[in-house]
Amino acid sequence: MEKNPETAPETEYPRITTELSRNLTLLHITMMGVGMMIGAGVFLGVGNAVKVAGPGGVILTFALNAVIALFTAMSYAELSSAVPKAGGAYNFARIAFGRGTSFLAGWMEWFASSVAGSLYAVTFALYTVHYLTQLGIIDISGAQLVWIEKGVALLVAGLFIYINYRGASETGTLGALFTLGQTVTLAFIALVGIGTAISDPARLSNFEPFLPNGWDKLLITMGFTYVAFEGFEVIAQAGDEAIDPRRNLPKAMIYSILIVVFTYVGVAFASIVGVKDVGQPAWTWIGSHGGKGFGEAVSRLLPSFGNILVTITVIFASTSALNATIYSATRASYALGRDHMLPPFFSRLHHRRRTPHVALLFTGALVIAVATFLPTIDVASSASMMFLFLFFLVNLCVIRIRRNMADEMTYGFVMPLFPIPPMAAILVQALLAVWLFHMSPIAWVVGPLWVFAGILIYHSYSRHRAIRTEDEIVVLSDQPLPTKGEYRILVSVANPANAVSLARNCYRFCQAKGDKTEVEVINMVPVPPQVPLSEASKYAGPGEEAIMEAMLYLAPRYAFGSTMRYCRNFARGIVAAASERKADLLIMGWQGHRRRGFSMGSTVDPVLEGATCNVAVFKDCQEQQYRNVLLPYAGGPNAAFALEMASIMVERNGGRVVVFHVAPPGKPTIDIDAFLEETLPQLDAPPSLFEPKYDISRDRLKSLLEETSRHDLVIVGATRDPLFRQRVMVSLPQEFARHCKKPLVMVKAKHPIKSFIKKWM
Amino acid sequence: MTFDMVIGVGLTVLALGAVVLLTLWSRRIIERIHAHSPGSLREIQKDIVNGKES
């Protein structure tokens, strides 16, 4: 049977990779974002927001929305600088949460962009028909006028669907010029407004009462005008074509918010002060025109040409945004089809035009359906709601990626004050979405229905068909223990030699914890970076042997399970397994080498930081018996676990544990006896085994290292410094561990609250 | 000027000020990162701290 070249799987030949030419400058991509944002939100939003929140409310709405939008823009900026390729939220969600969430992100992005497209079509229709009515070309009112507006919206949507089908699109310099023109026009209106207020200060009384309907209405207006700040995320799609993307993508996103917020606040101000002698308060007059309020106000501000100016600005703004949203909505569904999350026909390209015509057809149907059947305010609210959901997800992604994968990423931007901006954005966006119900209950039907439909589709169709990606943790083999017992230890083994010594040390711990202790062994298969995921099993040999060695040692006595996995980042794979298997203790080895940027090692550091259970890292612990154990003690949350570890590792017959504290001169020493008195009753160990010792020294590290010469094993607690300090400065425990020539165990106890938060994240 | 207006204008100025401040701060971070070269979060934080101390 002849294969269809558009849908048949690709044959695996060595690839000649191609890259799009990078010719989009910072100005181009900034204007891309600005152009998308000024599509419709401000033109429709001013009149409707003034009606609900009053003259001061509309200004506050845009100013406060800008702060929240900037927080989300910073999340996008950080993620785009780390993943500078086309895909946006779909890519970020895939890396952060996996295929299911990435499907939802792409699904929501598709709908959000389509509904935004409907909004731009409706805006175009509203202002164009209004202008033609004022010129006397159209002489209809009431319900018939609404149908004319709908008809024009459908026509313009159909036109741009056709333009996208043909493949022509407004890109690069031309697009930037159009957007610059729109922005300059709006800036001009704002300046005229400011000039008017200066020359006639009495117009400022139009701002009284400032918030006639109360402060709570702000939440409603912020909700439905949030779509005015939708557009900067499109800049992420330019990653493949932008010059120096890691630098310019984040800059463009943040600059675009700065440009539009002053534009919006300026034109909102100009609209309020522009209205005079209308027989009622300016704000009620503007509000009575609803979505056309902005245009009416500007025609009062600039009587001779305000009308035509606004109409031309709206025509250019809404059509370029409509074109771009149809393009990006189509691309979202195309990407889902390409990755087999939606039926493959979504990724079909037209044989001549090379455009994704099937995805375009579905996108067009969505745009037209929403524009036809929903009233304008519901269209705006539905678009805002979907973007609120999407941005909510992206803010979660930035937190999770920072937490789990920050060492794997190459960042061109890291946001200041992390995690305050994304967490604040998450809270406010959730609140705005809820409050949107007051403005448009329909949005709260349409939005959740779409999300629910996406979840259904994913579970019934996409889940088993989606293509695996490079960031995933691949399970090569899995023999898990059936149920969680009293105490579970996860041992991470690298090779047969390492497996034997770790298994011996694990055995000691199992003996101390009792016969009900369970052991699971994990091996992370080392695959060279240039080798694809599908080849991982070829490198599994040493790992299988390692697991076998551990099993021979431990399985006769204790319940035993094993798993072999592959992940580009070992630490992430190990931490995920420890959480998934609900391990109480994670045991791993460390060779003692250090890599640039890490205190101990590229696997050990992130595991110590990220694991949600107790951790014990063994260095050079090959001996069967340890009679002289040293435990450096400085207080801290890991001390009790270190003492427990020492009591387990030391030979009970004739052995001793020296609990050693070094204090700088002039500083008080910590009471070791009090610590032993408090902690020993919880351990099954005689107090005679332990011996406190004190020293005073300026060079604590030197003193500690000298003391190790009298012992055959050292147990040390990991640093209790906050994560940031750990990353930028080498702590004393870590420094000591690196220089110590004796066998060493570094331990970290799980922190109940932090572990809960990490697990949840 | 009413109480609502005072608070409202103040909030607006604060919000716009925050947007400007965060924009300038972000721009500074981007330039600082690219002065050394983009890297992992760990490397960037170390470079920033070492830059502050020198």
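Residue numbers start from 1 in every chain, and the chains themselves are labelled A, B, ... in the order their sequence lines are given, proteins ahead of strands.
Taking the side chain as every heavy atom from C-beta outward, Thr2(B) and Pro209(A) never approach each other to under 4.5 Å.
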Next item on the list: Determine, step by step, whether Trp215(A) and Asp4(B) satisfy the side-chain contact (heavy atoms from CB on, under 4.5 Å) criterion, reporting the C-alpha distance in whole Å, the side-chain angles of both residues, the deciding distance to 0.1 Å, and the verdict.
Entry: CA-CA 9 Å; Trp215(A) 285 83; Asp4(B) 274 355; 3.0 Å; yes

Checklist line | Stepwise side-chain contact (heavy atoms from CB on, under 4.5 Å) test for Phe262(A) and Val20(B) | finding: CA-CA 10 Å; Phe262(A) 280 96; Val20(B) 172; 3.8 Å; yes

Next item on the list: Could you walk me through whether Leu41(B) and Met409(A) pass side-chain contact (heavy atoms from CB on, under 4.5 Å), step by step?
Entry: CA-CA 8 Å; Leu41(B) 179 67; Met409(A) 298 286 162; over 6 Å; no

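Shown here for Ser26(B) and Met74(A), the closest heavy-atom pair between the two residues is OG-SD, 3.6 Å. Closest heavy-atom contact between Ile33(B) and Val414(A): CD1-N, 3.8 Å. In terms of heavy atoms, Tyr255(A) sits closest to Arg27(B) at OH-CD, 2.8 Å. Shown here for Leu11(B) and Leu60(A), the closest heavy-atom pair between the two residues is CB-CD2, 3.6 Å.
At a 4.5 Å heavy-atom cutoff, the contact between Ile44(B) and chain A is made by side-chain atoms alone. With a 4.5 angstrom heavy-atom cutoff, Phe71(A) touches chain B only via side-chain atoms. With a 4.5 Å cut-off on non-hydrogen atoms, Val13(B) does not touch chain A at all. For Ile7(B), the parts lying under 4.5 angstrom from a heavy atom of chain A are both the backbone and the side chain.
In this structure, CD1 on Ile257(A) lies 8.5 Å from OG1 on Thr23(B), to the nearest 0.5 angstrom. To the nearest 0.5 Å, atom CD1 of residue Ile30(B) and atom NZ of residue Lys251(A) are 6.0 Å apart. Summarising the geometry, atom CZ belonging to Phe413(A) is positioned 10.0 Å from atom NE2 belonging to His34(B); distances are rounded to the nearest 0.5 Å. Taking CG of Leu417(A) as the reference point, atom CG of Leu22(B) lies at 6.5 Å (rounded to 0.5 Å).
Ranked by heavy-atom pairs under 4.5 Å with chain B, the first of Ile254(A), Leu204(A), Leu211(A), Leu64(A) is Ile254(A).
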